[in-house]
Undergrad: 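My questions will all concern the structure given below.
Model, not experiment: these values are computed from the prediction.
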Amino acid sequence: MFDGMLAFSERCGICGLGYSRFNVGDGPAALLTLAVGTITVALAIWVELSFVPAWWVHVLIWIPVTFALVLGGLRITKAWLLASEYRNDAREAGSRDI
């Protein structure tokens with residue numbers, strides 16, 4: 001049964017650090033989508049101006065490349081933001097650890 005949490009462990013299997021205080025939300029997906037979108041559009045414009053391919057060539061190249069980069073980089077981006085929260089001792093607004 002789906003409970004809203006997708007494949008994210010509650011604790012580190014090695015050191016036992018609890019992940020419950022970290023919440024990066026949609027930050028990794030938004031950050032990665034914007035970065036990949038910027039790079040993809042710049043490359044697509046360069047390809048268009050340099051080689052002038054048919055429209056379907058752009059479809060065959062850029063749609064799979066965009067999906068692969070976003071889905072492939074999502075785990076890395078989420079880990080990077082979690083590590084940044086840990087390093088900076090970030091917390092949710094108004095919350096306290098006792």
Side-chain angles (χ1 to χ4, degrees):
M1 185 76 184
F2 177 72
D3 64 357
M5 299 296 287
L6 295 176
F8 195 68
S9 176
E10 291 182 22
R11 299 196 157 281
C12 175
I14 297 171
C15 70
L17 175 68
Y19 297 135
S20 61
R21 73 178 196 137
F22 302 108
N23 181 15
V24 294
D26 292 335
L31 177 68
L32 189 64
T33 301
L34 289 171
V36 167
T38 301
I39 293 167
T40 303
V41 168
L43 288 173
I45 290 171
W46 176 75
V47 167
E48 177 63 30
L49 294 176
S50 298
F51 305 108
V52 192
W55 67 270
W56 55 268
V57 174
H58 285 292
V59 171
L60 289 176
I61 294 172
W62 303 117
I63 290 176
V65 166
T66 302
F67 277 110
L69 288 174
V70 169
L71 293 177
L74 195 54
R75 180 175 284 205
I76 295 166
T77 307
K78 186 167 187 169
W80 173 67
L81 285 175
L82 282 171
S84 179
E85 275 192 15
Y86 178 74
R87 184 177 51 249
N88 295 314
D89 199 25
R91 302 218 184 334
E92 290 290 319
S95 69
R96 285 186 164 170
D97 282 346
I98 296 175

Undergrad: Could you tell me whether the side chain of I45 reaches within less than 4.5 Å of the side chain of V41, counting heavy atoms only?
TA: yes
Undergrad: Out of curiosity, does W55 fall in the hydrophobic cluster containing V52 (side-chain heavy atoms, cut-off under 4.5 Å, transitive links)?
TA: no
Undergrad: Should L49 and F51 be regarded as members of a common hydrophobic cluster, given that ILVMFWY residues are connected when their side-chain heavy atoms come within less than 4.5 Å of each other, either directly or indirectly?
TA: no
Undergrad: For the CG atom of L32 and the CG atom of L69, what is their distance to the nearest 0.5 Å?
TA: 8.0 Å
Undergrad: Would you say CG of N88 has more than 12 non-hydrogen atoms from neighbouring residues, nucleotides or ligands within 6.0 angstrom?
TA: yes
Undergrad: Working to the nearest 0.5 angstrom, can you tell me the gap between T40 OG1 and H58 NE2?
TA: 12.5 Å
Undergrad: Assigning hydrophobic clusters by single linkage (Ile, Leu, Val, Met, Phe, Trp, Tyr; side-chain heavy-atom cutoff under 4.5 Å), is V65 placed with V57?
TA: yes
Undergrad: CG of L81 to CG of L31: how many Å apart, nearest 0.5 Å?
TA: 6.0 Å
Undergrad: So, taking the atom named CG in L43 and the one named CH2 in W62, what distance separates them when rounded to the nearest 0.5 Å?
TA: 4.5 Å
Undergrad: Treating Ile, Leu, Val, Met, Phe, Trp and Tyr as nodes and any side-chain heavy-atom pair under 4.5 angstrom as an edge, say whether L34 and F67 lie in one connected cluster.
TA: no
Undergrad: Heavy atoms only: give me the nearest L74-P28 pair and the separation to one decimal.
TA: CD1-C, 4.0 Å
Undergrad: Do I76 and Y86 sit in the same hydrophobic cluster, where Ile, Leu, Val, Met, Phe, Trp and Tyr count as joined when their side-chain heavy atoms come under 4.5 Å apart?
TA: no
Undergrad: Please round to the nearest 0.5 Å and tell me the distance separating atom OG1 of T77 and atom CG of L82.
TA: 11.0 Å
Undergrad: Does S84 reach the main-chain N or O of W80 with its side chain, forming a donor-acceptor pair under 3.5 Å?
TA: no
Undergrad: If you take all heavy atoms of P64 and I61, which pair is closest and at what distance?
TA: CD-O, 3.5 Å
